[in-house]
Structures are given as C-alpha cells and as structure tokens.
Amino acid sequence: MTDLCQLPAHQLVALMAGGTVSCREVIEAHLARIDAVNPALNALVQAVDPQQCLAAADAADARVARGAPVGRAHGLPVVVKDVMHVAGLECSGGSPVLRATAEGDATAVSRLRAEGAIVLGLTNVPEMGRGGESNNNLYGRTNNPFDLSRTPGGSSGGSAALVSAGGAALSVGSDGGGSIRQPSHNTGIAGLKPTHGRIPRTGSVFGDALGIFGPFNCYGPLARSVPDLFLGLSIMNGPDLRDPYAVPAPLGHPADVDLAGLRVATYLDDGISPPDDDIAAVVGDAVRALTGVVGVVEHNAPLCLGRTIDLLWESVFLGGDRGQGFEADLAAIGATDPSEELAEFLAQARLVDFSLTEARARLTDIDNYRIEMLEFMADYDVIIGPAMPTAAKPHHHGLVEIRDFSHLMAHNLTGWPAAVVRCGTSKEGLPVGVQVVARPFQDATALAVAGHLEAALGGWRPPPLIA
C-alpha cells in the first residue's frame, strides 16, 4: 500500500496544502485502496462517483497552484457513517425501507466539505444503527481487517474497518452506546465521543428529533491518530441553531493541557464486565505510561458504574413496553424482515416491562448517576480504563453480549468526552484500545492524555490485510 494511505490525516493536509503531494495523488491512492480492500471488508456501501472525487481533487490542487487560501481539511479523503445525510447518495441507516437519496448534507458533513474535505462515500452500519455488529439485510456484513472472521463492531463498524485499512483518512461516526469507541478498539484506530452537544446531529437518516435518545447520542470522528480526532472535532464543533442539544462552548487545544497537573483515576472492573487478562495487561501498560507524567494516578472507581446497563440499555434503549412502541414504528415504515442484530434488539426489548411510574424513577436515577459521577470527578481530571472486556470477537457476538459495552455506555449516560486509542495487542494479535475520559467539555484533556498514550505505546498499526 502506498504510504499516502497510512499517513495521519493532519499530515496529509499539510502535504497537500504545501504542494508536496497533489490532492489528485491522495484521492487516487485512497480510491485504489478501497478497490483493493473493500471486497473483503464490505465497509464502504455507497460510493461517490470516482470522477466526481477526482474533479474535486483537481479543484483543490488548482487553489494551491494559484495561491488561494485552503481549508483545514484541504483535499482530505473522508467517509461518512450511513446514519447521516450526504447529498446525492442513497442513505439508509442500514434499512431497505429507509433508503433514499439525500438532497443535502448533515451539518457535520457540510462543515467538513466547507474546509476542503472530499467525501468518498457511506460506510456500513447495523440496521437502524441498533447493533454491536455492522450487519444488515441491505448490504450484508462488514469484516475486521485484522481477522475477517471477527467483527469490527458497531454501529460505526464500517467506518472503523475502512479507516484502519487505509481506505479513508477520517470518518464521521455516531455514538449512543459505544458506537464510535467499540469499533475503534476492535480495529486499532482512534475514536472520540465528544462531550454531548459539541457537534450538531442535524441531518440524521432517522430524523432530527431523537426523543428519549437525544441526551445520549452524539456524532464524532474516527481516524488513525489522536491529532486527527482534534482536527475533525475542531471543524465539526459548534451549534447550528437546528440541533436543540448543541451548545456553544470553548474547545481548547490538547497542546495547551498541562499533563503534569492532571489527577487520574483508573480501574479495571466496573462491576458488570470485568476485562480478560489481555485487556487488563494493556490498561496496566497505559497506567504505567502515565505514571510520573501526570500528577496523580490512583486506583479508584465510581460506585454507580454497576447500574450502567440497567439505566441506559434497559431504561432508554429497550424501554419498558415489551418492544411494542418500536415494533409499531417498524410496522409504520414497512420494516417486516429485521436483520440479525435488529431481531436480537427486539427480542431483548420484549423482555423488559416497567410502568410509567418506574420509568420516571429510572429517569431520576439517571440524574443521580450523573451527580455521583460528577462528585467522583471532584477529585480527578481523567479516568483511564478498559474500552471493552475483550478484543474483537467472532461474528454473531454483538447485542447478544450487550453487557460487554458497559465501560463505554457509562459515558453516554454522563455525556462526557471519551476517547479510545490503541495501546497494545492481544495474544491473538488483535488490537486493544484503552478508554480515556475527562470532565464535561474538557475534550482537549481527554485528547491530550490519549495522544500521550498513542506516542508512548504505538497507536494504530497496519492490519494484516494491508501490511
């Protein structure tokens, strides 16, 4: 594979903006890489016309040639998770009944384009975005570039697989229960669930009114390096006056974070999904890489973590009506043949039954959970822990083992910034990520710590598919 497909996004932009490498060369290299790896991965499911991509690259090169200003994502090849609109592409959320050609871009996509990014296409997801694997009846299953028999995860699995394999430098994903961070862990890349409210979610395939899911879901970047996460976040950040959850807030910069002044809490077992030995060893490596660099490292965990699955998965995702509401929604749009992951979601939803009175109590407990987490963070700036309890699993282990997502779901409940970065390798040769969490709106702190871990422990490595 050409080195252009392994370089970090921010380095590619610098090379293209300086005229060292042409945008056409970069786009041609990534289109060739997609042609080479996508048949095995099935990660890109809707492609922009290659000639359109090359024409955009030529226009970007012409800007450099005439000395015109260029954007922060000048010529950058990006892909978009198939849960948000990309003008001219058939967007579906992995569902045949939702498939329709988008007339415009989601806000996050339009902001990337405005800074010079070149969109290559849409990446695969589980049907309706509800699944721990990226598999649906419309496009089929996405495979992990480290081992095709294993899952890249979900629901941003197509994005993670393609970025890891060098088919794109950056992707926009979404995360309502670990959907950016689990695939990043599984494929050895970097991913960020920013503070909720930083990036507008306007332009969703599922509609912009997310109802009860609104406070728990957000968009965020996936890339092969932590600095690229900040590049994507800085471009997509800020309200658009259309997403009611998006707020104006200072972003800061990871380079300005004083690591020596940080207080770090670390734990392995959240009381739900204790990590296996491989994962525990890599988290230990991450802690040692921070010891002596940050001010304080202590082993400590919030006591409320054991309630995470009950509060987010059961109370919010599954609901208490035995799946009747979601089944009615599916019937209304004519979705009568659910895929494997969606069928498992429905099966779990049918088992959960609680009254409106109990629902109100659960919503109150979510607030209590957030309060307890904030009280815990009065003594800390950062939490370091597992992303998932195991490395990437074989296919068909998605929502069936939903409790594995507990470490990630905790910070969909809090809304805090959470980054995942590869810090090691399992005995089977699979990447292992570590989760770095910071206080609300301290995204720069999470990225600064993740960046240090990446530099100390190696970060992304080319998967066997492309090595």
Side-chain angles (χ1 to χ4, degrees), residues 41-43 45 80-84 91-99 122-144 149-162 171 173-187 191 193 204-206 210 213 216-220 222 273 309 312-314 316-319 323 326-327 329-330 333 335-352 387-390 392-409 412:
L41 296 180
N42 190 36
V45 293
V80 179
K81 180 180 179 178
D82 186 14
V83 296
M84 56 195 83
C91 307
S92 70
S95 172
V97 298
L98 293 180
R99 181 169 52 176
L122 298 170
T123 55
N124 205 24
V125 297
E127 186 175 8
M128 305 289 184
R130 301 193 186 199
E133 291 200 63
S134 297
N135 186 11
N136 58 65
N137 293 340
L138 179 59
Y139 296 119
R141 183 181 76 193
T142 301
N143 300 315
N144 191 318
S149 72
R150 295 178 184 260
T151 178
S155 57
S156 305
S159 290
L162 196 64
S171 182
S174 64
D175 193 317
S179 289
I180 287 173
R181 292 162 290 153
Q182 182 240 13
S184 297
H185 161 82
N186 281 2
T187 62
K193 181 196 74 62
S204 169
V205 170
F206 310 118
L210 299 181
F213 298 107
F216 309 103
N217 185 274
C218 66
Y219 290 169
L222 302 90
S273 54
I309 292 292
L312 183 63
W313 185 245
E314 288 196 1
V316 177
F317 277 88
L318 301 182
F326 188 57
E327 288 182 333
D329 291 341
L330 293 178
I333 61 176
T336 58
D337 181 26
S339 57
E340 177 184 352
E341 284 289 272
L342 191 60
E344 174 61 26
F345 178 87
L346 286 167
Q348 293 187 31
R350 290 174 184 135
L351 299 176
V352 180
M388 294 286 287
T390 70
K393 291 187 175 182
H395 294 290
H396 313 296
H397 287 264
L399 293 189
V400 176
E401 300 176 7
I402 189 60
R403 294 175 70 84
D404 283 358
F405 284 74
S406 61
H407 297 277
L408 305 173
M409 286 187 178
N412 293 98

Exercise. CG of L162 to CG of L222: how many Å apart, nearest 0.5 Å?
Worked result: 11.0 Å
For this session: Say whether T142 and S134, considering side chains only, have a donor N or O and an acceptor N or O under 3.5 Å apart.
Result: no
Seminar exercise, completed: All heavy atoms of A43 vs all of G158, minimum pair found to be CB-O, 3.4 Å
Exercise. What pair of heavy atoms forms the shortest contact from R130 to F213, and how long is it?
Worked result: NH2-CE1, 3.5 Å
For this session: Would you name the heavy atoms of Y139 and R99 that are closest together and state the gap between them?
Result: OH-CD, 4.2 Å
For this session: Verify side chain to side chain contact (heavy atoms under 4.5 Å, CB included) between S92 and L138, making sure each step is shown before the conclusion.
Result: CA-CA 9 Å; S92 70; L138 179 59; 3.5 Å; yes
Exercise. With distance as the sole criterion, is a donor-acceptor pair present between the side chains of N136 and N124 under 3.5 Å?
Worked result: yes
Exercise. Are N144 and H395 close enough that a side-chain donor and a side-chain acceptor fall under 3.5 Å?
Worked result: no
Exercise. Would you find a donor on one side and an acceptor on the other, under 3.5 Å apart, between the side chain of S155 and the backbone of S179?
Worked result: no
Exercise. So do R150 and P394 actually touch side chain to side chain, heavy atoms under 4.5 Å?
Worked result: yes
Exercise. Once you round to the nearest 0.5 Å, how far does OG of S156 lie from CG of N186?
Worked result: 11.5 Å
For this session: Check whether any side-chain heavy atom of H397 lies under 4.5 Å from a side-chain heavy atom of T390, and answer yes or no.
Result: no
Problem set entry | Any donor-acceptor N or O pair under 3.5 Å, side chains S159, K81 | no
Exercise. So how far is it from N217 CG to F317 CZ, rounded to the nearest 0.5 Å?
Worked result: 7.0 Å
Seminar exercise, completed: d(L122 CG, C91 SG) to nearest 0.5 Å is 5.0 Å
For this session: For the residue pair L346 and L330, establish whether any side-chain heavy-atom pair is separated by less than 4.5 Å.
Result: yes
For this session: Applying side chain to side chain contact (heavy atoms under 4.5 Å, CB included), run through W313 and L399 and close with a yes or a no.
Result: CA-CA 11 Å; W313 185 245; L399 293 189; 3.9 Å; yes
For this session: Show your working on side chain to side chain contact (heavy atoms under 4.5 Å, CB included) between N135 and S339 and close with a plain yes or no.
Result: CA-CA 8 Å; N135 186 11; S339 57; over 6 Å; no
Exercise. Where is the tightest heavy-atom contact between F216 and N412, given as atom of each residue plus distance?
Worked result: O-ND2, 3.2 Å
Exercise. Please walk me through it: do K393 and D404 pass side chain to side chain contact (heavy atoms under 4.5 Å, CB included)?
Worked result: CA-CA 11 Å; K393 291 187 175 182; D404 283 358; 2.7 Å; yes
Exercise. Please, which pairs that meet salt bridge (Lys or Arg N to Asp or Glu O under 4.0 Å) have at least one residue in residues 174-187, sequence neighbours excluded?
Worked result: D175-R181
Exercise. Minimum heavy-atom separation for A161 to N143, with atom names?
Worked result: CB-O, 3.7 Å
Exercise. Taking atom OG of S95 and atom CE of M128, what is their separation to the nearest 0.5 Å?
Worked result: 4.0 Å
Problem set entry | Side-chain donor or acceptor of Q182 paired with backbone N/O of G154 under 3.5 Å | yes
For this session: Report yes or no: does H185 contribute a side-chain atom to a donor-acceptor pair with the main-chain N or O of A392 at less than 3.5 Å?
Result: no
For this session: Would you confirm whether the ring centroid of F345 sits within less than 6.0 angstrom of the ring centroid of F326?
Result: yes
Seminar exercise, completed: On a heavy-atom basis, the closest approach of G140 and N42 is C-ND2, 3.6 Å
Problem set entry | Residue pairs involving residues 339-352 (criterion salt bridge (Lys or Arg N to Asp or Glu O under 4.0 Å); sequence neighbours excluded) | E327-R350
